[in-house]
Amino acid sequence: MVPRVFYLLPLLYHFTITFASIEEAAALLKWKATFQNQNNSLFASWTLSHPAAAKNSSSHDPCRDWYGANCFNGRINKLNISNSGVIGTLHDFPFSSLLFLEYVDLSMNNLSGPIPAEIGKLVNLVEVALDTNQLTGHIPPEIGNLINAKLFYAFSNELAGSIPIEIGKMKSLESLSLQRNNLSGSIPKHLGELTKLKILYLYSNQLSGPIPTEIGKLVNLVEVDLDTNKLTGHIPPEIGNLINAKIFYAFSNELSGPIPAEIGKMRSLVDLLFQRNNLSGPIPSELGNLNNLNDLVLSENQLTGSVPTTFGNLRNLQTLHLHTNKLSGSIPKELAYLDNLRVLTMTKNQLSGHLPEHLCQGGKLERFTVTSNKLTGPIPRSLSNCSSFKWVRFNNNSFIGNLSEAFGIYPELQFIDLSDNNFHGELSSNWGKCENLIDLRVARNNISGSIPPEIGNVQGLLGLDLSSNHLLGQIPKEFGRLTSLVRLSVQNNNISGNIYEELGSLTKLESLDLSDNRLNGSIPTWIGDFVRLFQLNLSNNKFGQKIPKEIGRITHLTLLDLSHNLLDGEIPAELASLLDLSNLNLSHNGLSGRIPKELESLTGLLDVVLSYNDLEGPIPNNKAFMNASLEGNKGLCGNVTGFQPCKKPSSVVKKHSIAKGRKLILITVLPVMGALVLLCVFIGVLFMFNKRRRVKDVERRDGDGWLSISMLDGKALYRDILNATEEFDAKFCIGQGGHGSVYKVNLPLLGDIAVKRLHSSFQNTHPKSFINEVRALTGIKHRNIVNLYGYCSKAQHSLLVYEYVERGSLSSILSNEVESKKLDWLKRVNIIKGVAFALSYMHHDCSPPVVHRDISSSNVLVDSEYEARVSDFGIAKLLKPNSSNCTALAGTYGYVAPELAYTMKVTEMCDVYSFGVLALEIIKGKHLGEYITVLANSSTIDHVQLSDLLDERLLYPEDEVKDVLVLIIKLASSCLVEIPKSRPTMHFICHRLSSMDARPPTHVK
């Protein structure tokens, strides 16, 4: 007979397990009580009844109902609360109570403070994820007790101190990720004991010392990333033992010595990146054994010798960067065997000889740069057929040959620089068939003939530099079609004739240099429309007549050089409006009269040259004029070395002049003033009358359903829209929004327009929102904001009538594989600037300020010239300064500032946050999702990989563009900080963006 006690054992076991899980749950609840955000709805299930009732209450069972918790045999063995918005610390985490825990994921929260030493008690842990938080302090040596752990993630925190040597006890580790912290000290040699390790990420820290030779013991390593630290010493030859490694990154360190030949044994390598170090000696030929290699980057080192011919064996190679070294010899012809090569950069070396034939025979070469070498000979004929070319630089070499024969038609070409060579012949009309070209540079060669007018067909052209050649004829009037042009340089040629009126359409120019030619006629007055100009140089020509006063409208001008011409008349006082002017040269002309006293206000002037004119009178009391070049003017006077002091008029004459002047003023001015006063009174009365009438009229029309903005008749406009859309047939619909549908409509008077037909539910439920949208938009006029033409509101329909923007929403462009590639880096930077300018205008130039509240890629439109146009003010609201402005949560998910979730208070800083999200989306080509929380952490942004944030569909940017993108990313990240007051204003953002130039420099030596 079985004793009764044996029947009680299962019940006793169940009772013990139940109370054990309750004890674990109670410990977790104690930790939860320390969260700073107790209202976190995700943890609503973390409750527990009284233990005596728990066995009858499944609703509180932590093994079945708790968010993120899982159990095995009644004990909690998994806890996954990743990305749950937890704000707290690990100080009270129940390490001692969760001894059966095998998997813990606390990543992507707001945990701060240190990692407690008690973590070493969880000896059953297999996977640990503490990454993407704000953890500080040292990594406790007790983690060495986690002998069963296969994965340990603590990246993207603020951890400091050294990597504990006890980590070598974690013999089961397969993946160790400690990147993006502030870890210092050396890489412990004890890592060599982790023989099962497959992933080792230590990049973006402050680690120093050498790469330990013990790394060669980790034969199972697949990915090794040690970049962006302060590592020194030689690369150990023992890394040749890593025969399974596919990725080895050690760039941006201080490594020195040779590249070990033993790397040739790492036959599985796909990516090998050693750039930005101090490596020296020759490139070992053994690297040619790495036939799986896709990317090889050895740039920005001190490497010498020739490029190995064995590189011809790297048949899978797509990217080869060797630039900024001391390589010599010729470019090996064997590189022509690389059928998959897309990017080849050898800039800033000492390479010589001819370019090899058939370098582009694989038909995939997109980016080829050999700038600043000693290459000579003609461009190989085969390169003229390289239709895959996108970004090409041959500048600063000694290439020869007839330019019209050397290059063909490149349908994908965006940038080409042929400057500083010895090309001759004429410019080919084929350049006008490179429809995607944005920058053409052929400066400082021996080119002759006229400028082909066909270049005017490349309407996306941003930069054109034909300077220092032997070009003849006039600047083609067809250039008037280059309305996107930002920089035009044709100086130092033999260009003659007048400037065609058609060139007045180049209103986006920022730099115009036509100096050292034979241009004549007058300087056109429409040059005042070039309000974006920073530099204007028309010197050494034959321009005559007066200096146009309209130049005073170019308020951002920093350099104005009109010297060595035939200009006459006086210096216009309007130049005093050029408050940013630093260099002014009007010398060697026939200017007369006085130097305008108003120029004293130009406190930013650094260099003034007015010599050899017929100027007279006092020299302005300005530091720049005190040190100016003024020789050759016989009538100037003042307290300046080399000039006579100005004579004071006698007192008698002075008094007589004053009395006479006063009498004349009284006789002349009093009647005029009297007439003006009467006129002002009349206008005031008329204005008040009209204002009252308009108010009544608006109220009447509102009541009747009509209100027209602009000169259009509201009722007629409404009728025309109904007819044109066949009463809003779906075939005319071009988009759906949160507040209505958008239709493209063609009207005789307005052409193409966009009509937003608001949802009936919206117009019935939110009439005030509708009126607020209209009233806010009536006062907004900005080149980066979509114009409102009018609206009408009837029982049947409520319509908003906007201008039509050709290319549609930024969101649709970025999501389209073909269209997104047309949106290159320069265009994207320009779009980011446009959105910033629009928001700055709304926040700082409108009174009262306007907050958009829904900035997203869907609400940014792109016009035919790739300019950004902010749209959809359907939820915009006028802010009164110092008002609370509490309102319902609105905006697009993923762009809404975090404070709106709990304060419901809309401020300009909400737009700033959304702008930061949008700017990063434009650069990446898609929304960054949860990765935004990483970038919001100011301590980790400097350690973020740039490549992680770039749109992979575009070529990796040139250095000049890359620097601007890095600045924008940092600026955008500062917009994402959690505390609104810590974000920059849009005015500050615009100031920083305006100082950035994403265009490659005019000439790189």
Side-chain angles (χ1 to χ4, degrees), residues 198-201 203 220-228 235 239-240 242-252 259-277 279 283-301 303 307-325 327 331-332 334-347 359-369 386 388-391 412 817 821 924-925 945-958 962:
K198 295 179 180 179
I199 307 293
L200 177 60
Y201 287 166
Y203 63 87
N220 289 306
L221 274 177
V222 177
E223 297 185 13
V224 186
D225 195 341
L226 311 176
D227 74 80
T228 319
I235 299 172
I239 71 168
L242 308 182
I243 57 175
N244 293 303
K246 293 184 177 181
I247 292 176
F248 196 103
Y249 293 167
F251 61 86
S252 295
I259 298 173
E262 286 79 2
I263 290 181
K265 301 176 184 178
M266 303 170 69
R267 300 292 183 89
S268 299
L269 270 181
V270 176
D271 292 347
L272 179 62
L273 277 59
F274 283 155
Q275 72 270 27
R276 291 194 290 277
N277 279 288
L279 300 175
I283 300 174
S285 61
E286 286 81 0
L287 294 188
N289 298 330
L290 308 178
N291 51 20
N292 288 310
L293 211 58
N294 284 342
D295 297 327
L296 176 59
V297 185
L298 307 177
S299 52
E300 298 180 70
N301 281 289
L303 298 173
V307 180
T309 59
T310 56
F311 277 11
N313 299 327
L314 306 177
R315 304 304 290 271
N316 290 305
L317 198 65
Q318 296 181 18
T319 301
L320 176 59
H321 287 297
L322 303 176
H323 65 83
T324 320
N325 279 289
L327 299 173
I331 299 176
E334 286 80 5
L335 294 186
Y337 303 154
L338 305 181
D339 296 341
N340 292 299
L341 194 63
R342 295 179 181 273
V343 179
L344 175 59
T345 65
M346 297 183 169
T347 300
L359 196 57
C360 189
Q361 69 176 5
K364 296 180 181 179
L365 190 60
E366 296 178 355
R367 181 171 168 182
F368 180 52
T369 65
C386 193
S388 56
F389 269 165
K390 289 185 177 179
W391 196 284
E412 302 296 325
E817 289 296 314
K821 292 178 180 178
K924 180 63 178 175
Q945 283 281 92
L946 177 62
S947 56
D948 292 342
L949 301 176
L950 297 181
D951 193 338
E952 298 174 352
R953 296 171 294 188
L954 300 185
L955 287 174
Y956 194 85
E958 285 284 287
K962 181 184 71 176

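These figures come from a predicted structure and were not determined experimentally. We use all heavy atoms of the structure for the numbers below, so side chains are in, but hydrogens, waters and symmetry mates are not.
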(request) Measure the shortest side-chain to side-chain distance between Thr345 and Ser299 over non-hydrogen atoms and say whether it is less than 4.5 angstrom. (result)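 Not in contact.
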(message) Are the side chains of Met346 and Leu335 in contact, using a 4.5 Å heavy-atom criterion?
(response)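 Side chain of Leu335 against side chain of Met346, heavy atoms only: contact under 4.5 Å found.
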(request) Indicate the ring-plane relationship of Tyr249 and Phe251, choosing parallel, tilted or perpendicular according to the 30° and 60° boundaries. (result)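 Rings of Tyr249 and Phe251: tilted, as their planes differ by 30° to 60°.
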(request) Can you measure from CG (Leu327) to CG (Leu298) and round to the nearest 0.5 angstrom? (result)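 One finds 8.5 Å between CG of Leu327 and CG of Leu298.
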Using only atom types and a distance under 3.5 Å, with no angle test, would you say the side chain of [X] pairs donor to acceptor with the backbone of [Y]?
X      : Y      : result
Asp339 : Arg315 : no
Asn244 : Leu221 : no
Ser388 : Leu365 : yes
Asn325 : Asn301 : yes

(request) Could you tell me which residues satisfy salt bridge (Lys or Arg N to Asp or Glu O under 4.0 Å) with Glu334, sequence neighbours excluded, listed by chain and number? (result)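 None.
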(request) List for me each residue that meets side-chain contact (heavy atoms from CB on, under 4.5 Å) alongside Ile263, sequence neighbours excluded, and say none if there are none. (result)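 For Ile263 the side-chain contact (heavy atoms from CB on, under 4.5 Å) partners, ignoring immediate neighbours, are Ile239, Ile259, Pro260, Met266, Leu269, Leu272, Phe274, Leu287, Leu290.
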(request) Using the test side-chain hydrogen bond (donor to acceptor under 3.5 Å, both in side chains), find all partners of Lys364 that sit at least two apart in sequence or belong to another chain. (result)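 Here the qualifying residues are Asn340.
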(message) Can you confirm whether more than 12 heavy atoms, excluding those of Lys962, are under 6.0 Å from its NZ atom?
(response)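 It does: Lys962 NZ has more than 12 such atoms within range.
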